[in-house]
Amino acid sequence: MEQKKLTTAGGRPYVEFENSMSAGNRGPLLLQDYFLHEDLAHFNRERIPERVVHAKGTGAFGTFTVTHDISRYTKAKIFAEVGKQTNMFARFSLVAGERGSADTERDPRGFALKFYTEGGNWDLVGNNTPVFFIKDAKKFSHFIHTQKRDPKTNCKNPTAIWDFWSLNPESLHQVMILMSDRGTPFSYRHMNGFGSHTFSMINKAGEQVWVKFHFKTLQGIKNFTGKEANDMRGTDPDHVQRDMVEAIGSGAFPKWAMQIQVMTHEQVKDYRFNPFDVTKVWSHKAFPLIDVGIMELNKIPENYFRDVEQSAFAPANIVDGIGFSPDKMLQGRILSYPDAHRYRLGVNYEQIPVNKCPYDVTNYQRDGFMQIGDNGNAAPNYRPNSFDNVVTDEQYKEPIVILDSNIGGWFDRNENDDDHFTQPGDLYRNALNDQDRKNLVTNIVESMSGITGEKRNEIINRQLCHFFRADQQLGTDIAAGLRVKIDEKTLAPTNK
Ligand code: NDP
């Protein structure tokens, strides 16, 4: 092995590593021992702010390979032809816990993908669930506060969690998925992923359709029951990180099939739900899944901090041929994700190797903390100018956006969109088997049993009404588990 000299960060070779410089063998240390200062000072700064959400994560590099032609929908270069392979990076995560929290907590799992395409980096920043708890970004920080620690006790607070959910019934669909065994996946390899939001695709002729992205695990779905997940928290809190490192290390590269659902402008107008509402799914029967390609993860980063902790995904990173939609959560995330990265990693976070576009990047952004690129060298840093030859390109223009209304204002997010119960009911009746339903009720009862205080009955009753509206049997079983008496005629709780 090649011998290397131990040096300071500035490159000065160390003459002594084991002992600090001191005045005599037993005397005090000398201020001039820069080797000592540099080591301690760097150590003190090793931690960067953790992500407010999705703090604990697992990352891996891989490839995406096109298996089916979807060029009739999109001109995105990543989908240009069957067989085309694009490098990518994936980061899976838990949402609510801290960087050291246990991997098998009941929580949605983040499913964030970065594709290094010739048309720029495309980030698809989704979850292992096709829906989300809320449909308007204005509610996001409030929702997350309820998932985090109580301001006084510094403990997780089921009262706040269920208070928020019961007051925002649009959360019911995601709550049901979270409380099913899919809320405690066995590993990241054994869960599906979803882009969750509606996006658009634009083809070479400028025609636009609306799409949802699905990633089906080829390892098969495998979940823990609530009890198994709790046991694993004590046995190995890093279970899913270890699972991914070991699987990829042994050559068992996990794979997912990318599929899309497609809706036309006409179908959007006719659909019985608002298709841009992220608390709803699109029926598989009406909008069948279309095969696109295979994602394979095959390399664990050599250094976790460099590539996983410093990775930054943003739904704002779309590419030519893929567009946004009026989904209000997506619109909010376009703003908030890059903003979070600027705070956590600095304004030049796109220059960090894992985030860096491997193709040419040219603009007039300059300076800022941690500028490690060429910073534009001597080229003009203003525009227009008479010196450079940097052009914009009309061919990347997206189709015009036709607005629903020309009235700006604060509209009720649930106006004409207040059926929060049909799809959760369909999930309970059609997608779950008897054992799944039993586990769902057990998990809900266990979680709601943690609601305490003077508002306990009020919160429980309000949430029970939502479960009853989704499915009468579901409501009845949860009420029985919570020992809430129900009036048989009105189905109203009588626990007051
Ligand atoms: P389908 O019967 O065509 O699809 C049912 C879907 O539910 C399948 O994709 C299935 O599994 C998935 N599923 C099974 N168990 C769970 C669970 N515990 N949590 C989440 N998803 C689960 O029916 P529809 O398209 O008519 O949808 C019926 C209900 O299924 C919806 O209301 C929704 O709650 C749920 N669902 C629908 C999806 C969609 O995109 N249409 C996607 C996921 C769930 P798998 O993921 O293994 O394919």
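Indexing begins at 1, ligand by ligand and atom by atom, following the structure's order.
- The side-chain hydrogen bond (donor to acceptor under 3.5 Å, both in side chains) with Asp103 is formed by just one residue from the set His239, Lys56, Arg109, Arg233; it is Lys56.
- Contact check on Glu118 versus Lys84 returns a salt bridge, with a Lys/Arg side-chain nitrogen under 4.0 Å from an Asp/Glu carboxylate oxygen.
- Counting heavy atoms from C-beta outward, Ile134 and Met329 have side chains that approach closer than 4.5 Å.
- Atom CZ of Phe79 is separated from atom CH2 of Trp122 by 4.0 Å, given to the nearest 0.5 angstrom.
- The proximity of Arg182 to ligand 1, defined as any non-hydrogen pair under 4.0 Å, is limited to the side chain.
- Within the 4.0 Å cut-off (strictly below), a protein heavy atom is located near atom 1 (P) of ligand 1.
- Contacts between Met176 and ligand 1 below 4.0 angstrom, taking non-hydrogen atoms only, are absent altogether.
- The Trp282 neighbourhood of ligand 1 comprises atoms 39 (C), 40 (O), 41 (N), with distances under 4.0 Å to a heavy atom of that residue.
- Between Phe115 and Phe215, the ring planes lie parallel to each other; the angle is under 30°, not in the 30° to 60° tilted range.
- The part of Leu432 lying near ligand 1 is the side chain, judged by heavy-atom distances below 4.0 Å.
- With a 4.0 Å cut-off on non-hydrogen atoms, Lys212 does not touch ligand 1 at all.
- Note: an N/O pair closer than 3.5 Å links His173 and ligand 1 by distance alone.
- Using a non-hydrogen distance threshold of 4.0 Å, His214 registers as a contact of ligand 1.
- Each of the atoms 7 (O), 13 (N), 14 (C), 15 (N) of ligand 1 lies under 4.0 Å from some heavy atom of Ala431.
- Counting atoms of ligand 1 from 1 in the listed order, those under 4.0 Å from a heavy atom of Ile177 are 19 (N), 20 (C).
- The aromatic rings of Trp210 and Phe276 stand perpendicular to each other, their planes meeting at an angle above 60°, with 30° marking the opposite boundary.
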Q: Applying side chain to side chain donor-acceptor pair (under 3.5 Å), run through Glu296 and Thr65 and close with a yes or a no.
A: CA-CA 8 Å; Glu296 175 189 280; Thr65 309; over 6 Å; no
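- Aromatic ring centroids of Phe111 and Phe213 lie 6.0 Å or more apart.
- When each atom of ligand 1 is checked for a heavy atom of Lys216 under 4.0 Å away, the hits are 9 (O), 45 (P), 46 (O), 48 (O).
- Among all protein heavy atoms, the one lying closest to atom 44 (C) of ligand 1 is Pro130 CG, 4.0 Å.
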